Amino acid sequence: MSRTVNLNQVRNIGIMAHIDAGKTTTTERILFYTGRVHRPGEVDDGAAQMDYMEQEKERGITITSAATTVTWRDCRINLIDTPGHVDFTMEVERSLRVLDGAVAVFCAVGGVEPQSETVWRQADRYRVPRLAFVNKLDRLGADFPRVLAMMRDRLGARPVPVCLPIGAEENFRGIVDLLSMTARLYHDDDLGATWTDDEIPAELQAEAAQARAHLVEAAAEMDEAVMEQFLADQEPDRDRLVQALRRGTIQAGLVPVFCGSALKNKGVQRLLDGIVEFLPSPVERPAISGVDPRSDETQTREPRDDEPFSALVFKLVADKHAGSLAFARVYSGALEAGKVALNVAAGKKERVQRIFRMHADKREELKEARTGDIVALVGPKHLRTGTSLTDLEAPLLLEPMVFPDPVIYVAIEPRTKADGLKLKDALDVLSYEDPTFQVKIDPDSGQTVIWGMGELHLEIIADRLRREFNVACNVGRPQVAYRETITVETVSEFERRKDPAGHGNYAKVVLGLAPGSYGSGVVFEPAPGGVGLVPDFLAAIENGVRMACDTGVLAGYSLVDLRINLRQVGVTDGETAEPDLAYAASEALWNGARDAQPVVLEPVMAVEVVVPESYLGDVTGHLNSRRGKISGLAQVRNDRVVQAVVPLAEMFGYATQLRSLTQGRGVYSMQLARYERVPDRVAADLTRHYVGA
């Protein structure tokens with residue numbers, strides 16, 4: 001089939017922001033102004049098109065990323081609305097992995113908030129070009145210049161305003177377009193769908209001229225022709241400026257900044273223009289690279305329809321009506337419905353029965369998917385998040401996705417025997433969809449334990465179990481996911497001999513243990529030159545070591561951040577088996593960990609609290625009483641912003657206590673900062689009742 005839209009006219013973008021910055025409201029206005037819906041849905045009314053889950057409608061927050069497709073100025077825009085809450089950060093991560101550009105939404109009052117920084121760093125990691133939209137300029141305390149300064153200071157970005165606000169707070173009524181040097185005033189009687197372009201108000205002309213000069217200077221650094229005109233004091237034409245700013249945006253050298261109020265229907269159309277003008281099409285992004293599993297050589301695929309088919313599955317949804325939906329970004333080639341693709345990692349053929357273009361939870365069936373498309377596939381049986389799907393004759397394993405370990409867990413149990421039969425299936429479905437959600441069975445108590453990224457994450461899981469899967473269950477108190485590590489180097493060995501009952505065979509393993517860098521996990525490495533083992537024996541030793549690391553020696557928490565060097569192995573020909581070596585390796589690991597001065601680590605959160613000045617002392621004192629350390633204080637109008645690091649164990653129930661301390665006027669956000677060693681008294685409480693391995 002022929003392509004209906006030129007690939008140069010495709011934009012794959014995400015909308016990302018801190019919670020409550022107005023991200024979903026901005027998306028709803030995009031749907032309205034592009035004609036995708038006849039009336040925009042409101043988040044506060046639970047009517048937002050993109051927040052289709054019941055939990056999203058009730059809480060007024062985005063929990064899962066949702067995809068849609070709109071058209072603006074003959075461009076097809078594939079758009080993903082991502083969550084803003086820190087517990088669902090990985091929804092943003094896996095979306096950014098497959099997108100070509102992003103719009104970062106900032107609250108004009110809050111500016112760059114903690115989750116704003118997190119999603120910005122995620123976009124940095126994948127070198128995703130960005131625009132910024134400063135929203136909520138109609139709110140009390142809105143400060144456009146302050147947001148620009150925060151972008152420079154906190155994000156290390158180079159913001160280049162393309163628009164300026166006309167008026168502020170309740171007097172905000174439109175924008176100045178610095179490219180055309182006109183004032184745009186929106187009409188309220190049709191929800192801002194039309195506007196009038198007029199002269200810039202006299203009181204803004206000096207500010208607009210200065211901002212225009214800044215814009216031209218930034219463009220001149222990206223384009224020689226503009227530079228020549230700039231040095232000659234000539235005004236470059238609009239198309240030349242757009243071309244130069246587009247180049248700077250795609251190279252991540254600058255960030256065009258737009259402004260408005262999505263709720264009051266102002267500024268969103270100009271943002272849509274910016275998406276078309278400044279963000280890249282698939283052909284303007286680097287070619288995707290991966291490894292050919294047949295030769296282990298790195299290869300690339302250009303974003304063209306005549307290249308072999310390659311796609312990456314970035315999201316899975318267990319749809320009870322259509323079967324499992326696999327959301328995929330097509331990087332090259334084409335795939336027709338009913339055809340077979342290769343699941344590269346699993347080495348399995350997967351038949352794609354149907355292909356859909358999604359609008360939140362609604363589906364539009366397609367006959368094929370082509371380069372640059374973001375689609376949902378039905379049919380494949382063995383997919384996981386991060387699966388590479390390619391042409392059968394040209395396999396290519398794309399870079400996999402990496403997800404962080406959960407930091408909190410709860411015990412869960414069914415209320416009846418009938419619920420028990422449904423619980424396992426329901427948990428399997430939820431863990432299939434969400435790679436940050438894990439299910440484990442406690443080896444001592446036999447309890448089912450569910451792990452997640454925060455209290456809200458697990459609360460949503462429990463709610464979905466009850467409402468979507470009709471499983472009545474009891475959920476325990478949240479527990480912190482502590483970890484253990486070692487602090488000194490040591491050498492340990494274990495020698496296994498056949499016991500009197502004739503069980504087991506001789507095996508000897510000598511390990512060198514050393515502390516690893518933070519976040520390195522468990523690194524296993526044989527001695528230089530190897531130890532002369534057959535691959536199956538070496539794999540058995542590594543498996544034994546890694547299984548042993550699942551249970552620490554102080555309090556039973558998993559061991560992390562250590563390097564394990566296999567020094568020596570002893571076997572008896574014809575007798576030693578793989579289980580013998582795995583057992584000896586695990587015992588050597590535990591013995592060595594006990595001698596390497598182990599410590600317990602706890603997750604520490606970066607907390608930001610915004611409170612009126614009069615409550616500052618109460619709030620800081622309360623944080624100190626929770627083992628918190630104040631790291632910064634800032635003034636925002638009449639409020640104070642308190643930045644602190646606080647152990648996660650001390651943050652349970654904090655929302656209720658903060659409301660009590662501030663008469664409901666304080667708000668806070670937090671995200672994982674790092675793992676730190678727990679104080680001795682806390683470690684003593686954690687290890688008191690642990691028998692050990």
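Because the structure is predicted, anything quoted here is derived from the model rather than measured. Along the sequence shown, residues are numbered consecutively beginning with 1.
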- Task: Check V112 against R154 and note the closest heavy-atom contact, atom names and distance.
- Result: O-NH1, 2.7 Å

- Query: For the residue pair F327 and A67, what are the closest heavy atoms and their distance?
  - Reply: CE2-CB, 4.3 Å

- Task: Look up atom OG1 in T371 and atom CD1 in I288, then write down how far apart they are to the nearest 0.5 Å.
- Result: 12.0 Å

- Task: Kindly give the heavy-atom pair with the smallest separation between A555 and E484, and that separation in Å.
- Result: N-OE2, 2.7 Å

- Taking the six-membered ring of Y331 as reference, does the NZ or CZ atom of R329 fall below 6.0 Å from its centre and within a 45° cone about the axis? yes

- Message: So that I can tick it off, tell me whether E350 and K348 are bridged by a salt bridge, with the cut-off set at under 4.0 angstrom between side-chain N and carboxylate O.
- Response: no

- Item | Any L396 side-chain heavy atom under 4.5 Å of V344 side chain | no

- Are T64 and K315 close enough, and set up right, to give a side chain to side chain donor-acceptor pair (under 3.5 Å), and what steps lead you there? CA-CA 10 Å; T64 184; K315 180 180 173 67; 2.5 Å; yes

- Message: Parallel, tilted or perpendicular, judged at 30° and 60°: which one describes the rings of Y654 and Y668?
- Response: perpendicular

- Message: Is it the case that the side chain of N543 and the backbone of A539 share a donor-acceptor pair, with hydrogens and angles ignored and the cut-off at 3.5 Å?
- Response: no

- Message: Whether R674 engages the ring of Y518 as a cation-pi pair (distance to the six-membered ring centre under 6.0 angstrom, angle to the ring normal within 45°) should be assessed.
- Response: no

- Item | Counterpart residues, salt bridge (Lys or Arg N to Asp or Glu O under 4.0 Å), relative to R121 (two or more places apart) | D124

- Task: Compare every heavy atom of G372 with every heavy atom of P282, then report the nearest pair and how far apart it is.
- Result: CG-CA, 4.0 Å

- Under a 4.0 Å N-O cut-off, is there an ion pair linking R464 with E433? yes

- Hey, does P515 have a side-chain heavy atom less than 4.5 Å from the side chain of E489? yes

- Compare all side-chain heavy atoms of F652 with those of V480 and state whether any distance is below 4.5 angstrom. yes

- Can a salt bridge be assigned to the pair E493 and R567 using a cut-off of 4.0 Å between side-chain N and carboxylate O? no

- Query: Less than 4.5 Å apart, any side-chain heavy atom of W590 and any of S586?
  - Reply: yes

- Shortest non-hydrogen contact between G592 and L513, atoms and distance: C-CD1, 3.5 Å

- Heavy-atom side-chain contact between I630 and L623 under 4.5 Å: yes

- Query: To the nearest 0.5 Å, how far apart are OG in S95 and OH in Y126?
  - Reply: 10.5 Å

- Could you check R563 against F524 for side-chain contact (heavy atoms from CB on, under 4.5 Å), going step by step and ending with a plain yes or no? CA-CA 6 Å; R563 301 196 322 273; F524 176 80; over 6 Å; no

- Can D550 and R546 be counted as an ion pair, charged N to O under 4.0 angstrom? no

- Straight-line distance of E117 CD to Q122 CD, nearest 0.5 Å: 12.5 Å

- Message: If we ignore hydrogens and angles and just use 3.5 Å, is the side chain of T485 paired with the main-chain N or O of D561 as donor and acceptor?
- Response: yes

- Residue R127 excluded, over 12 heavy atoms near CZ under 6.0 Å: no

- Query: Does the side chain of L581 come within less than 4.5 Å of V509's, by heavy atoms?
  - Reply: yes

- Worked check of side-chain contact (heavy atoms from CB on, under 4.5 Å) between F309 and L389: CA-CA 8 Å; F309 171 73; L389 284 177; 4.2 Å; yes

- Message: Are more than 12 heavy atoms, taken from residues, nucleotides or ligands other than R158, located less than 6.0 Å from that residue's CZ atom?
- Response: yes

- Is R497 reaching over with its side chain to a backbone N or O of E495, donor-acceptor style, under 3.5 angstrom? no

- Query: Side chain of Q479, backbone of R477: donor and acceptor closer than 3.5 Å?
  - Reply: yes

- Task: Look at R483 together with D405 and state whether they make a salt bridge at an N to O cut-off of under 4.0 Å.
- Result: yes

- Distance in Å, T385 OG1 paired with M401 CE, rounded so as to fall on 0.5 Å steps: 7.0 Å

- Spatial distance of atom CG (L383) from atom CG (L325) [nearest 0.5 Å]: 11.5 Å

- Item | Donor-acceptor contact below 3.5 Å, side chain T82 vs main chain I15 | yes

- Message: What I'd like to find out is whether the side chain of P83 reaches to under 4.5 Å of the side chain of V92, using heavy atoms alone.
- Response: yes

- salt bridge (Lys or Arg N to Asp or Glu O under 4.0 Å) involving E399 - partner list, sequence neighbours excluded: none

- Yes or no on salt bridge (Lys or Arg N to Asp or Glu O under 4.0 Å) for R681 and D685, after CA distance, side-chain angles and deciding distance? CA-CA 7 Å; R681 60 181 178 81; D685 290 338; 5.8 Å; no

- Query: Donor-acceptor pair, Q597 side chain versus T487 backbone, under 3.5 Å?
  - Reply: no

- Item | Donor-acceptor contact present, side-chain T687 to main-chain L554, <3.5 Å | no

- Item | Exam field: side chain S332 to backbone P308, donor-acceptor pair closer than 3.5 Å | yes

- Task: Spell out, as yes or no, whether a donor-acceptor pair under 3.5 Å connects the side chain of D580 to the backbone of A577.
- Result: yes

- Minimum heavy-atom distance between S492 and A588, given as atom pair plus value: OG-O, 2.8 Å

- Item | Any donor-acceptor N/O pair, T490 side chain to A596 backbone, under 3.5 Å | no

- Does any non-hydrogen side-chain atom of M453 lie less than 4.5 Å from one of F437? no

- Check the pair L456, E459 against side-chain contact (heavy atoms from CB on, under 4.5 Å), reporting the backbone distance first and the verdict last. CA-CA 5 Å; L456 180 61; E459 181 185 328; 4.3 Å; yes

- Message: As an exercise, state the distance from OH of Y409 to CD of Q438, rounded to the nearest 0.5 Å.
- Response: 13.5 Å

- side-chain contact (heavy atoms from CB on, under 4.5 Å) between M90 and H457, worked out: CA-CA 11 Å; M90 291 315 297; H457 188 191; over 6 Å; no

